[in-house]
Each structure stands twice: as C-alpha cells, then as structure tokens.
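So the structure is just underneath, and the comments pick up after that.
This is a predicted model, so every value here is computed, not measured. Residue indices begin at 1 and follow the sequence shown.
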Amino acid sequence: MLCALASGGGTVFAQGGGDTFYSFLNIPSSTLAYGLGGINISNIDDDINAADRNPGLLGSEVDMQLGVNYMRYVGDSNFAGVKFGRRAGDHGAWAAGVQYFGYGKIKGADVNGVLTGDISPKDMVMTATYAHDITDRWRGGASLKYVYSSYDSFSAMALATDLGVNYYDADSDLSFSAMVANLGGQIKRFDSRYERLPIDLRLGLSKGLSSVPLILSITAHDLTKWHLPYYDNGDGSEDSKPQVKDKFMSNLLRHLVFGADFRPSDNFHIGLGYNYRTRTDMSTYKRSFLSGFSACLGLNVRNFALGLALSQPHTGATTVMLNISTRLYEF
C-alpha cells in the first residue's frame with residue numbers, strides 16, 4: 001500500500017508528471033517559475049524564493065533576503081517553505097532553506113483492505129546552495145538537498161545535488177542556463193526496494209526584446225530520454241479507448257516549457273507559461289481549456305516583494321502559490 005500511495009502521489013504532484021518516487025522534488029517554490037510553466041532555469045530574478053530553480057542563478061543580489069512561500073495544491077495538499085540568502089565576498093553567495101510538502105489525511109488500510117485509520121503522508125527537503133561568479137558573464141552553483149519522507153509508520157531519507165551554470169549578457173538581455181537536477185540516491189529506504197530520484201538534465205534560454213519590456217523563455221527538460229509517451233482518452237466517453245501517443249512532435253513538445261514575462265518596471269511583472277506535458281498528462285482526467293497554462297504576478301511594495309501564481313491542471317484542481325520576500329537590513 002505504501003509504494004502505491006507514494007508512486008501515485010509522485011505522478012500527481014509533479015509538475016508535468018514523473019515516473020519516480022521523489023517527483024515532488026520538481027515542484028517549484030517560486031511564483032515566477034510556476035507561472036512560467038513550472039520549470040524555468042534561465043529567467044533572471046533577484047527573489048530568494050527563486051533560488052531553487054537553478055543554483056547557477058544565485059548571486060549577491062539576494063544578500064540578507066528572507067523569503068517564504070505557500071502553495072495550495074490538489075485536494076488537501078499544502079506546501080510551504082522558507083529561504084534565506086547571504087552574500088559571500090565580492091563574487092559569491094549562499095542560501096539555505098527548508099520546504100514542506102503535506103498531502104492531507106488519507107485513509108490507511110492493511111494488505112487485507114481493513115481500514116487502520118487516517119494517515120498524513122509528508123515530505124521535507126532541506127537545501128544549502130552556494131554560487132560563485134566565474135567571469136563577469138558566467139556563474140556556477142551547487143545545491144545539496146537532504147530529503148526526508150514519512151508515510152504512516154514508514155520513513156526514508158535521501159541526498160541529492162543540483163549543479164548549474166548560467167551565462168548572462170546584460171547588453172543583449174540574453175540568459176542561457178544548463179543544469180543537472182537531483183543527482184543522488186536514498187540513504188535510508190522505506191523497505192527493501194530502492195527508489196530512484198528524478199535525475200534531470202535541463203537547458204534554458206531567456207531573451208529580452210528590445211522593442212517591448214518582454215522576456216521570452218524556453219526550457220528543455222528530461223533530456224536524458226527522448227520517448228515520453230502518454231495516454232489520450234479521446235473525448236472521454238465510455239466508448240473511447242485510451243491510446244498511447246508516442247509520435248515525434250508530441251515527444252518534442254513534452255520536453256519543452258514556454259514562458260513570457262512582461263516587466264514594464266522594476267516594481268511589477270506579469271508572466272504566462274505553457275507546459276504541454278502537464279496538459280497531456282491531464283488527458284486522463286477531465287481537463288479544462290486552461291490545462292497546461294499558468295500565470296504569475298509580482299509586485300514590489302515598500303520593503304516587500306509579493307508574488308502570486310495560478311494554474312488549473314484539470315477542472316477539479318485550481319492551484320495557487322504565494323511568495324513574500326524582504327531584505328532584513330532594510331528594517
């Protein structure tokens with residue numbers, strides 16, 4: 001029962017799906033990342049809440065920043081976290097944070113189907129990140145993540161590492177990133193079975209337009225495998241039979257996430273993203289017209305930066321994410 005719960009939960013809670021036990025590691029805590037399609041590793045942002053997108057993006061601009069995030073997800077799921085960043089010399093920065101994933105109460109049962117009472121499965125990730133300016137345009141960073149999972153009387157622990165680099169040319173407003181996410185493995189298993197981490201190779205490109213304050217982004221993920229098949233339920237009627245989709249164009253689009261970030265001033269931005277993999281993964285549910293789309297809004301008010309992101313993977317699930325950050329030395 002435990003493995004079925006966790007593996008199924010991984011597929012549901014991952015942005016765009018997943019086939020590993022620890023898919024919750026791919027859920028962003030940044031409204032910018034969530035609003036731009038769920039995965040974005042290249043859009044430049046000085047909010048500490050975005051530190052987990054790519055360690056190569058972390059810089060001295062997060063000095064003394066404290067950020068908190070909250071996400072209301074599917075069903076009774078609630079996710080929350082806190083991060084803090086600090087400058088390290090003239091060319092470096094570090095950040096630390098903790099993220100909590102709570103999935104509400106679920107009825108527990110033994111192998112015979114006898115109810116044993118409610119359980120409250122949860123995951124927690126503690127992260128430490130360091131980044132350094134390699135040149136005036138290149139920056140590299142690494143994150144170490146300690147992962148703890150507790151499902152009823154079972155628990156597990158894992159260690160993971162994210163490695164990333166970013167190239168940023170301010171003159172042309174061009175940003176390019178490459179990273180490997182979730183390198184590592186379990187150090188304590190739930191039972192005798194070893195569960196894999198969702199290791200992922202990602203590339204990202206963001207380009208600002210000269211004529212309008214708009215930044216366009218494209219992110220490629222899951223680059224270690226080409227085939228990403230999915231089931232299509234057709235029109236959802238009883239006569240419709242699920243069909244496996246594994247064509248060239250569907251595979252290509254399921255690797256890509258698109259985003260547009262409109263920034264008319266330093267105090268305001270609004271973004272829109274599209275994730276084709278999220279939309280196709282939701283084809284087995286009653287998805288809405290908005291499935292695959294997401295949006296975000298950011299405001300700077302006095303000493304605080306506020307962020308809001310929305311998405312509706314299917315008609316029964318409207319997800320909301322909130323970010324708040326501030327610089328402690330401004331008080």
Assess the side chains of S42 and S177: does a donor N or O sit below 3.5 Å from an acceptor N or O? no
Is it true that R53 and D45 make a salt bridge, defined as a side-chain N closer than 4.0 Å to a carboxylate O? no
With no hydrogens and no angle check, do the side chains of R327 and N303 hold a donor and an acceptor under 3.5 Å apart? no
Sequence neighbours excluded, the answer for side chain to side chain contact (heavy atoms under 4.5 Å, CB included) partners of T135 is R137, W138
With no hydrogens and no angle check, just 3.5 Å: does a side-chain donor-acceptor pair link N182 and N26? yes
With no hydrogens and no angle check, is any side-chain donor or acceptor of N275 less than 3.5 Å from a backbone partner on R277? yes
With no hydrogens and no angle check, is any side-chain donor or acceptor of S294 less than 3.5 Å from a backbone partner on G37? yes
Linked, directly or transitively: V125 and Y100 (ILVMFWY side chains, under 4.5 Å): no
Closest approach of L308 to T31 (non-hydrogen atoms, all atoms of both residues): N-CG2, 3.8 Å
How about NZ on K188, more than 12 heavy atoms from neighbouring residues, nucleotides or ligands closer than 6.0 Å, or not? yes
Pair Y230-R254, side chain to side chain contact (heavy atoms under 4.5 Å, CB included): steps then yes or no: CA-CA 10 Å; Y230 70 97; R254 279 169 64 79; 3.6 Å; yes
Correct closest heavy-atom pair for S175 and I44 would be OG-CD1, 3.7 Å
Examine the side chains of R72 and T319 and answer whether a donor and an acceptor come within less than 3.5 Å of each other. no
Is there a donor in the side chain of N69 and an acceptor in the side chain of Q99, or the other way round, less than 3.5 Å apart? yes
Distance-only, no hydrogens or angles: does the N43 side chain make a donor-acceptor pair with backbone N or O of S206 under 3.5 Å? no
Nearest non-hydrogen partners of T129 and S143, listed with the distance: OG1-OG, 2.6 Å
Using the ring of each side chain (for Trp, its six-membered ring), is Y34 parallel, tilted or perpendicular to Y73, with breaks at 30° and 60°? perpendicular
Do D123 and S149 meet the criterion of a side-chain donor-acceptor pair at a distance under 3.5 Å? yes
Would you check if the side chain of H132 reaches a backbone N or O of G140 as a donor-acceptor pair within less than 3.5 Å? no
Donor-acceptor check, side chain of N78 to backbone of G104, threshold 3.5 angstrom: yes or no? no
Take atom CD1 of I324 as the centre, draw a 6.0 Å sphere, and report whether it contains more than 12 heavy atoms from other residues, nucleotides or ligands. no
Quiz question: by atom type and distance under 3.5 Å, do the side chains of D261 and H269 form a donor-acceptor pair? yes
For R87, what residues pass the side chain to side chain contact (heavy atoms under 4.5 Å, CB included) criterion, not counting sequence neighbours? S60, D63, D90
Is it true that a side-chain atom of Q186 and a backbone atom of Y194 form a donor plus acceptor pair closer than 3.5 Å? no
Run the side chain to side chain contact (heavy atoms under 4.5 Å, CB included) check on D162 and M179 step by step: do they pass? CA-CA 7 Å; D162 294 346; M179 71 170 295; 4.1 Å; yes
I want to check something: taking the side chain as every heavy atom from C-beta on, are K145 and M126 in contact at a cut-off of under 4.5 Å? no
Sorted by chain and residue number, the salt bridge (charged side-chain N to carboxylate O under 4.0 Å, His left out) partners of D47 (sequence neighbours excluded) come out as none
So, for A131 and P55, which heavy atoms are closest and what is the spacing to 0.1 Å? CB-O, 3.3 Å
Work out which heavy atom in L25 is nearest to a heavy atom in P198; give both atom names and the distance. CD1-CD, 4.1 Å
Of all the heavy-atom pairs spanning P28 and A33, show the shortest one and how long it is. CB-CB, 3.9 Å
Before accepting this row, confirm whether a basic side-chain N of the pair D173/K207 lies closer than 4.0 Å to the acidic partner's carboxylate O. no
Excluding sequence neighbours, so at least two apart, what forms salt bridge (charged side-chain N to carboxylate O under 4.0 Å, His left out) with R139? E61, D133
Would you call R263 and I215 a side-chain contact if the rule is heavy atoms closer than 4.5 Å? yes
Return the orientation label for the Y103 and F79 ring planes: parallel under 30°, perpendicular over 60°, tilted otherwise. perpendicular
Derivation and outcome, side chain to side chain contact (heavy atoms under 4.5 Å, CB included), residues V82 and L66: CA-CA 7 Å; V82 60; L66 177 69; 3.8 Å; yes
Check: L32 main-chain N/O paired with S30 side-chain donor or acceptor under 3.5 Å: yes
Side chain to side chain contact (heavy atoms under 4.5 Å, CB included) with A260: which residues, sequence neighbours excluded? L214, L216
Sub-3.5 Å donor-acceptor pair from the side chain of H221 to the main-chain atoms of D200, do we have one? no
Answer yes or no: is there a donor N or O on one side and an acceptor on the other, between the side chain of N40 and the main chain of L36, under 3.5 Å? no
Results of salt bridge (charged side-chain N to carboxylate O under 4.0 Å, His left out) for D246 - residues two or more places apart only: none
